[in-house]
Asker: 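Starting off with a structure, shown below.
Values in this document were obtained by computation on a predicted structure and should not be read as measured data. Per chain, numbering begins at 1; letters A, B, ... match sequence-line order.
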There are 4 protein chains.
Amino acid sequence: MANRGEPSTRHYDEKLQQILKTSAKIFAEKGFHRTSVRDIARATSMSLAGLYYYFRTKEELLFLIQEQCFLTLVQRWEKAVKPETDVRSRIRIFAENHLGFFLHNMYEMKVMAHEDESLTGEFQEKILVLKRSYVKILMDLIEELESQEGGKGLDLRAATFSLFGMMNWIYTWYHPKRDLPLAKFVEQMLRIYFFGVLKGGKVQEPWFTSSSSETGKEAFSLWQNLP
Amino acid sequence: MANRGEPSTRHYDEKLQQILKTSAKIFAEKGFHRTSVRDIARATSMSLAGLYYYFRTKEELLFLIQEQCFLTLVQRWEKAVKPETDVRSRIRIFAENHLGFFLHNMYEMKVMAHEDESLTGEFQEKILVLKRSYVKILMDLIEELESQEGGKGLDLRAATFSLFGMMNWIYTWYHPKRDLPLAKFVEQMLRIYFFGVLKGGKVQEPWFTSSSSETGKEAFSLWQNLP
Amino acid sequence: MANRGEPSTRHYDEKLQQILKTSAKIFAEKGFHRTSVRDIARATSMSLAGLYYYFRTKEELLFLIQEQCFLTLVQRWEKAVKPETDVRSRIRIFAENHLGFFLHNMYEMKVMAHEDESLTGEFQEKILVLKRSYVKILMDLIEELESQEGGKGLDLRAATFSLFGMMNWIYTWYHPKRDLPLAKFVEQMLRIYFFGVLKGGKVQEPWFTSSSSETGKEAFSLWQNLP
Amino acid sequence: MANRGEPSTRHYDEKLQQILKTSAKIFAEKGFHRTSVRDIARATSMSLAGLYYYFRTKEELLFLIQEQCFLTLVQRWEKAVKPETDVRSRIRIFAENHLGFFLHNMYEMKVMAHEDESLTGEFQEKILVLKRSYVKILMDLIEELESQEGGKGLDLRAATFSLFGMMNWIYTWYHPKRDLPLAKFVEQMLRIYFFGVLKGGKVQEPWFTSSSSETGKEAFSLWQNLP
DNA sequence: GATGAATGAGGATTCATTCAT
DNA sequence: TATGAATGAATCCTCATTCAT
C-alpha cells in the first residue's frame with residue numbers, strides 16, 4: 001500500500017536512522033550546503049536515487065535530523081525532571097540534559113547549532129516552534145529563579161541566552177580528549193553560570209569603573225562603520 | 001595601467017570597502033554558500049565580471065572580511081587597554097571591545113561567528129592564526145585572573161570559551177530594538193560572567209547534589225546513540 | 001503459475017482495461033511524457049511494481065490504448081455501414097462513428113490525436129498501419145464521392161484531411177456543457193463539410209478575387225523567415 | 001548595466017532569434033518534453049550554460065516561440081486586412097494569413113498547435129490571452145458573415161473551430177513536395193469551407209436520413225464506456 | 001498477482017570564473 | 001576599470017524499470 005511517505009516501518013525505520021546518523025556526521029563536517037547528496041550516498045553505500053526513497057529533499061533530511069534532536073531533548077528533559085521544589089536544581093538538570101545530549105551526539109549538536117538557518121519555509125517554521133518551546137523551558141526556570149531567590153535584576157533574555165550561548169558554543173572548541181569529561185565539564189559551566197568566575201563572595205556594587213560604560217549610548221560609537 | 005596586485009589605491013580601496021560591507025551583509029543574511037557572486041553584483045550594482053577586479057575568488061572575499069575584522073578587533077583592543085594593574089578591568093575592556101564591535105557590525109560579526117569554516121586552505125590558516133592570537137589575549141587574562149585572585153579552580157579553556165560563547169552567540173538572538181542597549185548589555189553579561197546569576201554572596205561548596213553529576217563518566221551514558 | 005504472456009485472462013483483462021482507462025485519462029490531462037508511471041500507480045491505487053505485471057513499458061501502455069481505439073473504431077464502422085448505394089450516407093456514417101467515439105471517449109481521443117508521435121519503433125509502426133487503413137476508408141469514400149457526383153476538382157488529400165482536421169481538432173475546444181450535443185454537433189459538422197458555410201446555393205466560379213491568391217507561388221513569400 | 005533580462009540588444013537579439021528558430025525545429029521534431037536543453041545546445045553549437053544567458057527556463061523558450069508567432073500573426077493580419085465591405089473576403093484574407101504563416105514556418109506552426117499545453121502558469125496565461133484575441137478575430141468575422149448573408153443557422157463555435165481545425169491539422173499531414181502549393185492549397189480549403197465538398201447547388205433539407213441522427217441524444221450511447 | 005526497496009541514466013538549472021573588448 | 005558573453009563542472013532531483021520475496 002505504502003507509496004512514498006508511509007513505507008513499511010520495520011526495515012524502513014532502521015535504515016532511515018542510519019541515514020540520519022551518517023548525514024548528520026557529514027553535515028557537521030562539511031556543512032549542509034557543501035554536502036552533496038552524492039556524498040551521503042557514498043557514505044551510506046547507497047545509490048543516489050535509492051536515498052530518495054527515504055526523504056523527499058535534502059532539506060527534509062536536515063529537518064528530520066533537527067526535529068529528532070529537539071524531540072529527544074524535550075522528551076528526556078521531561079523524564080529527568082521531577083517536580084522538585086528547588087529551581088536551581090531544575091536548571092542544573094536542564095543543563096545536564098542539554099550538554100549530555102550535545103557531548104554524546106556532537107555531530108547532531110553541530111548541525112542543530114550551525115545549520116539552523118539552512119532550513120526554509122515550512123521546515124524552518126516547524127523547527128522554530130520546537131525550538132521556541134524548548135527555549136521557553138529554560139527561560140521560565142530562570143524567571144522563576146530570579147523572582148524566587150530575590151534576583152539580581154538581570155535581563156531575562158540576556159540571562160537565558162547567555163547560558164545557551166555558553167553551552168551551544170562548545171561545538172566550536174570542545175575536544176573530548178583535550179577537555180574535561182562530561183560530568184566535570186557540566187559542573188564547571190554551571191559554576192560559572194551560577195557563581196561567576198570571580199572568587200570573592202560578596203557582590204561589589206558598583207563593581208565596574210570603566211568610564212566608557214558609564215557614558216551609555218555613545219560609549220562605543222567609535223565602532224560605527226567598520227573599519 | 002594599474003594591474004592586479006598594484007592598482008592605484010585611492011578609488012580601489014573605497015570601492016573594495018563598499019564591496020566588503022555589502023558582501024558581509026549578504027553573507028550574513030543568506031549564508032556564504034547560498035550567496036552567489038551574482039547576488040553581490042546585484043547588490044553592489046556592479047557587473048559580475050567587474051567584481052573580479054577586486055578579488056580573485058569568492059572565498060577571498062570572505063577572507064578579506066574576516067581578516068579585516070580580526071585586525072580591527074586586535075588593533076582597537078591594543079589602543080583601548082592600558083597597562084593597568086587590575087586584571088578584572090582588562091577583561092572588562094576586552095569584552096567591551098568585543099561586544100562593542102559585534103553590536104556595531106552585526107553582519108560582520110555573524111559572518112565571523114558563522115562562516116568560520118567556509119574558508120579553506122591558506123585562507124583558513126591565516127585566519128586561524130589571527131583567531132588564535134586573539135583568543136590567547138583573553139585566555140591569558142583569565143589565567144592571570146585565576147592565579148592572581150586565588151582562583152576557583154576553573155578549567156582555563158572552559159572559562160575562556162564560556163565567555164566567548166556568551167558573547168558570540170548573541171548573533172542568534174540579539175535584536176537592537178528588543179534587547180538592552182549596548183552599555184547595559186555589556187554590564188549584564190560581565191555581571192553574569194564575573195558573579196553568576198545567583199543572588200547569594202558566598203560560594204557554597206559543594207553546591208550541587210545531583211546524583212548523576214557524582215557518578216562521573218557514566219553519568220550520561222543514556223545519551224549514547226541517538227535517539 | 002501464470003507468467004507474463006499467458007496470464008489467466010479473466011481478472012487480467014478486467015484489471016488491464018481499468019488501467020488503460022485510467023492511464024488514458026492521465027495521459028490526456030498531463031500529456032504522455034509528463035505522466036510518470038508513479039502517477040498511474042497513484043491513480044489506480046496499485047503499487048508501482050504491480051503495474052508492470054500488465055505492461056512491459058510505459059510506451060506499451062500508450063500503444064495498447066491507441067491500438068484498442070483504432071480496432072474499436074474500425075470494428076464499429078464495419079458493423080454500422082451497410083453496402084448502401086449512397087456514398088454521401090456512408091461518409092455521414094463514418095463521421096458519426098468517428099465523432100461518436102471521440103465525444104464518448106474524450107480522453108482516449110485526446111491521446112490518439114495528441115500522443116501520436118510519442119510512440120517509437122515497432123509500436124509506432126503498428127499504429128501507423130492501423131491508422132493508414134483507417135484513413136484509407138474515408139479517403140476511398142471521398143474519392144468515390146468525387147468521381148460519382150461529378151466532383152468539384154478537389155484535391156483528394158486536402159479534402160480527406162480537412163474533414164479529419166475538423167473532427168480531430170475538437171479535443172482542443174469542445175466542452176460538453178457549452179457546445180452542441182452529439183447529434184446536432186455531427187449534423188453541423190457534416191453540413192459545413194458537405195455544403196459549406198455560405199448560404200447561397202450555386203457555386204460561384206471564380207468565387208475569389210484576392211490578388212494575392214492569383215499570384216501563385218510568390219503569394220506569401222513575405223512569410224519566409226520568421227519573424 | 002544589463003544584468004540578465006535586459007542584455008544589450010544588438011548581438012543579443014540576433015542570437016536569440018537564431019536560438020528560437022533552432023529550438024522550434026527541435027521542439028517540432030522531438031516534442032517539447034523529449035527535447036533536452038542539451039539537444040538545443042548541440043544544435044546551436046553553444047554550451048549548455050551559455051544558452052541560459054538567453055532564457056531563464058526551457059519553458060520560457062517555448063513561450064518566446066509561441067508569443068512571437070502570435071504577435072507576428074496578428075500584426076500581419078492587421079496589415080493585410082483593409083476595411084473592405086466584403087466579409088467573405090476578409091475571412092479569406094484571414095485564412096491566407098494563417099495558412100501562409102503556417103506553411104512557411106512549419107516548425108513553429110507545429111509547436112504552436114501541438115505544444116500548446118506544455119506551458120504552465122503565467123506563460124500559459126499570457127499565451128492564452130493572445131490566442132483568445134486571435135481566435136476572436138475569426139469568430140467575429142464568421143458571426144458577421146452569418147448575420148449578414150442570412151446564415152444557415154450554424155453554431156458559431158462549431159463554425160469557427162471547424163475552420164481552425166482544418167487549418168491547424170495540416171501539420172500532421174502536409175508535405176510540401178507531395179501536396180498542393182500554397183496558393184492552390186488555400187483555395188481548396190476555402191472552397192470546402194465556403195461551399196462544401198458536394199457538387200450540387202441547392203441545400204437539401206433535411207439532407208440526412210440516418211436513423212441514428214434523428215434519435216438525438218441517445219444516438220451514440222453505444223459508445224459509452226470503451227471498448 | 002503484488003510490492004517494498006533499489007538503481008542507472010538523464011534532466012534542468014546554477015555557479016564561479018574567464019576573456020576579449 | 002568595467003562588462004557582455006560564454007563555459008565546465010557540479011547539484012538536486014526524477015524517472016522507468018527491476019528483482020527478491
Asker: Taking for each residue the nucleotide of DNA chain E with the nearest heavy atom, is it D:Thr57 or A:Arg38 whose nucleotide lies nearer the 5' end?
Answerer: A:Arg38
Asker: Step through the shown structure and confirm whether more than 12 heavy atoms of other residues, nucleotides or ligands are within 6.0 Å of CD on B:Glu29.
Answerer: yes
Asker: Is the closest side-chain heavy-atom distance between D:Phe123 and D:Glu67 below 4.5 Å?
Answerer: no
Asker: May I ask you to test the D:Lys131-D:Asp116 pair for a side-chain heavy-atom distance under 4.5 Å?
Answerer: yes
Asker: Please determine, for the side chain of A:Ser36, which listed nucleotide (F:dC12, F:dT14, F:dA16) has the closest atom?
Answerer: F:dC12
Asker: For the pair made of NZ in C:Lys30 and C1' in F:dC15, what is the distance, rounded to whole Å?
Answerer: 12 Å
Asker: Given Watson-Crick or G-U pairs with both distances under 3.5 Å, what dot-bracket string fits DNA chain E, with | for other-strand pairs and [ ] for crossing?
Answerer: .||||||||||||||||||||
Asker: In whole Å, what is the span from the CD atom of A:Glu14 to the C1' atom of E:dA5?
Answerer: 14 Å
Asker: Please give, in whole Å, the distance from E:dT13 P to D:Tyr54 OH?
Answerer: 18 Å
Asker: When the distance from CZ of C:Phe55 to C1' of F:dA16 is rounded to whole Å, what number comes out?
Answerer: 10 Å
Asker: Does this structure show an ion pair linking B:Glu117 with A:Arg34, if we count only N-O contacts that are shorter than 4.0 Å?
Answerer: no
Asker: Answer yes if the ring centres of D:Tyr107 and D:Phe27 are under 6.0 angstrom apart, and no otherwise.
Answerer: no
Asker: Under 3.5 Å, is there a donor on one side chain and an acceptor on the other for A:Glu59 and A:Thr120?
Answerer: yes
Asker: What's the OH-C1' distance between A:Tyr12 and E:dT3, to the nearest Å?
Answerer: 16 Å
Asker: Tell me which of B:Ala49 and B:Val37 sits closer to the 5' end of DNA chain E, going by the nucleotide each one is nearest to.
Answerer: B:Val37
Asker: Among F:dC12, F:dT7, E:dA6, which nucleotide has an atom closest to any side-chain atom of D:Met46?
Answerer: F:dT7
Asker: Which of the following nucleotides, F:dC13, F:dA5, E:dG4, is nearest to the side chain of A:Tyr52?
Answerer: F:dC13
Asker: Expressed in angstrom and rounded to an integer, what is the separation of B:Arg34 atom CZ from E:dA16 atom C1'?
Answerer: 18 Å
Asker: Within less than 4.0 Å of OP1 or OP2 of E:dA6, is there a side-chain N or O belonging to A:Lys15?
Answerer: yes
Asker: Check this for me: does any side-chain nitrogen of one of A:Lys21 and A:Glu108 sit under 4.0 Å from a carboxylate oxygen of the other?
Answerer: yes
Asker: Starting the side chain at C-beta, find the nucleotide from F:dT1, F:dT17, E:dT13 nearest to D:Lys58.
Answerer: E:dT13
Asker: Quick one: on DNA chain F, does C:Phe32 or D:Gly50 contact a more 5' nucleotide (nearest heavy atom)?
Answerer: D:Gly50
Asker: Whole-Å distance between E:dT3 P and C:Leu51 CG?
Answerer: 9 Å
Asker: Can you classify the ring geometry of B:His114 versus A:His114 as parallel (below 30°), tilted (30 to 60°) or perpendicular (above 60°)?
Answerer: parallel
Asker: Give the rounded distance in Å between these two atoms: CZ of D:Arg42 and P of E:dA12.
Answerer: 11 Å
Asker: Assuming nearest nucleotide by heavy-atom distance, tell me which of D:Ser47 and A:Glu59 is located more 5' along DNA chain F.
Answerer: D:Ser47
Asker: From the list E:dA16, E:dA5, F:dG4, which nucleotide is the closest neighbour of the side chain of A:Tyr53?
Answerer: E:dA5
Asker: Identify whether any heavy atom of A:Ser45 sits under 4.0 Å from a base atom; if not, whether one sits that close to sugar-phosphate; answer base, sugar-phosphate or nothing.
Answerer: nothing
